[in-house]
Amino acid sequence: MAQAAAVAKQPAPPRRRRGSATPRRLPYLLIAPAALLMLGFIAYPVISVFYYSLQHYNPTKPWRNGFAGFDNFVFAFTKDPQFWDTLVFSAKWVVVEVGLQLLFGLALALIVNQSFVGRALSRAMVFSPWAVSGVLTSAIWVLLYNSQTGITRYLADLGIGEYGTSWLSDTSTVFPAAVVADLWRGVPFFAILILADLQSVSKDLYEAAEVDGASRIRQFIHITLPHLKDAIILSTLLRAVWEFNNVDLLYTLTGGGPAGATTTLPLYIANTSVDAHNFGYASALTTVAFVILLFCSIVYLRLSKFGGEDK
């Protein structure tokens, strides 16, 4: 009886509390500030662009402001020839720039991946243009293309060309001149990404290929390129989007001229909004550009089978 009474007097074991909700919510609380900032600085502007694309909005002509529906889009596709001209030039600019940057970037990455004296200095010199801003790059090349003190002056001294020639004011030379200027800045981007991926290739694969008698070209085709597939796909996609949205270099270098010969769609949008104050129509053009980039990116990733294994 005494033992039973002692057991009865012992306090009951505490009940197990259910897991507190705070630890489960902690990760969401930690990312909440960043999510709110992204919502404010990304989501809100995007939604605003979609909203104003359906409006007639020009602060200098408030009496014309109001709901436009799809009038801005209809005008762009049916009554604005400059829209199609800038879209075609944008496609041409992206294809030429991304193709050449990939070609030269791959070549530079293969070169600086080799072992030789001064490799560290060579890598620094190859990658340094990528650290220069677009506006500063444009300023450098404006000086290089200056008709009085630039390249054409020294070529004229050598008997090549004429004095006072400006490559940026001639419709036949402005496109190659702009391409070269942007190549100087864009090639290091591909070189950096490709070099980083090259260093992860196992040397045993190349040694086995040499034992089997494979030449350097066959090693490059069957070992190097398959390993670089995802890096090339990702870098070309990113660079294509950036080149399509390229405004700073062309605006500073040529201003879209001469005679609109170097006006891309984003540059046309910038001129429409900033100079003409037609924010409604500029928002519609921005929406069209967004849809084009989204569609092309999805198709490119599907066709290239990014992230998948080659069969």
Could you go step by step and tell me if F75 and F83 meet the ring pair (Phe, Tyr, Trp, His ring centres under 6.0 Å) rule?
-> CA-CA 10 Å; F75 180 81; F83 164 75; 10.0 Å; no
For side chain to side chain contact (heavy atoms under 4.5 Å, CB included), just list the numbers for L87 and W84, CA-CA rounded to whole Å, side-chain angles, deciding distance to a tenth of an Å, and then say yes or no.
-> CA-CA 5 Å; L87 184 59; W84 292 105; 4.1 Å; yes
Taking it one step at a time, do F73 and V288 satisfy side chain to side chain contact (heavy atoms under 4.5 Å, CB included)?
-> CA-CA 8 Å; F73 298 95; V288 172; 3.8 Å; yes
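A chain of hydrophobic side-chain contacts below 4.5 Å, direct or via other Ile, Leu, Val, Met, Phe, Trp or Tyr residues, connects F89 to V180. Neither Y281 nor F279 shares a network with the other; the hydrophobic side chains, linked directly or stepwise wherever heavy atoms of I, L, V, M, F, W or Y lie under 4.5 Å apart, form separate groups for each. The cluster map of Ile, Leu, Val, Met, Phe, Trp and Tyr, joined by side-chain heavy atoms under 4.5 Å apart, puts M38 and V49 in different clusters. L238 and V241 fall within the same hydrophobic cluster, defined by Ile, Leu, Val, Met, Phe, Trp and Tyr side-chain heavy atoms under 4.5 Å apart, directly or through other members. Cluster annotation: F77 is connected to I292 through the hydrophobic network of ILVMFWY side chains, with a link wherever side-chain heavy atoms come within less than 4.5 Å.
Here the closest non-hydrogen pair linking P45 and I42 is CD-O, 3.2 Å. The heavy-atom pair separating R185 from V132 by the smallest distance is CD-O, 3.9 Å. In plain terms, the two heavy atoms of A282 and I269 that are nearest each other are O-CG2, 3.8 Å. Between A261 and V174, the shortest heavy-atom distance links the atoms CB-CG1, 4.4 Å. The minimum heavy-atom distance linking S297 with L237 is given by the pair OG-CD1, 3.6 Å. For the residue pair T262 and G257, the shortest heavy atom distance occurs at OG1-O, 2.7 Å.
Summarising the local packing, CZ of F67 is surrounded by more than 12 heavy atoms from other residues, nucleotides or ligands at distances under 6.0 Å. Under a cut-off of 6.0 angstrom, the local environment of OH in Y51 is sparse, with at most 12 non-hydrogen atoms contributed by other residues, nucleotides or ligands. Within a 6.0 Å radius of CZ in F116, other residues, nucleotides and ligands contribute more than 12 heavy atoms.
Every residue two or more places apart in sequence or in another chain was checked for a salt bridge (charged side-chain N to carboxylate O under 4.0 Å, His left out) with E97, and none qualifies.
S53 places no side-chain N or O within donor-acceptor distance of the main-chain N or O of A284, the cut-off being under 3.5 Å. Between the side chain of S147 and the main chain of S166, no donor-acceptor pair closer than 3.5 Å is present.
Looking only at side-chain heavy atoms (C-beta outward), L293 and F290 stay at 4.5 Å or farther from each other. For the pair I233 and L301, the minimum side-chain heavy-atom distance is below 4.5 Å. P62 places a side-chain heavy atom less than 4.5 Å from the side chain of N65. With contacts defined as side-chain heavy-atom distances shorter than 4.5 Å, the pair E243/T264 does not qualify. In this structure the side chain of Q101 reaches within 4.5 angstrom of the side chain of D182, judged on heavy atoms. Residues T137 and L253 fail the side-chain proximity criterion, which asks for heavy atoms closer than 4.5 Å. Contact annotation: the side chain of K229 approaches that of K305 to within less than 4.5 Å [non-hydrogen atoms, C-beta and beyond].
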Side-chain donor-acceptor pairs under 3.5 Å in residues 214-226, sequence neighbours left out?
from, atom 1, to, atom 2, distance (Å)
S215, OG, R218, N, 3.4
Q219, NE2, A214, O, 3.1
T224, OG1, Y206, OH, 2.7

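The distance from the CG atom of L193 to the CG atom of L228 is 10.5 Å, given to the nearest 0.5 Å. Remark: L54 CG to T287 OG1 distance equals 7.5 Å, nearest 0.5 Å. Interatomic distance, CG of N246 versus CG of L265, reported as 12.5 Å (0.5 Å rounding). To the nearest 0.5 Å, atom CG of residue N58 and atom CG of residue N278 are 5.5 Å apart. In this structure, CZ in F175 is found 6.5 Å from CH2 in W93, a value given to the nearest 0.5 Å. Here L285 contributes atom CG and S273 contributes atom OG; the two are 9.5 Å apart, rounded to the nearest 0.5 Å.
If you check the side chains of Y300 and T236, you find a donor sitting under 3.5 Å from an acceptor.
Close placement of the Y52 and Y57 rings is indicated, their centers lying within 6.0 Å of each other.
Of the residues L195, I111, I192, L108, the one that meets the side-chain contact (heavy atoms from CB on, under 4.5 Å) test with R123 is L195.
Residue pairs meeting the ring-ring contact (aromatic ring centres under 6.0 Å, His included) criterion with at least one partner in residues 226-271, sequence neighbours excluded, are F189-W242.
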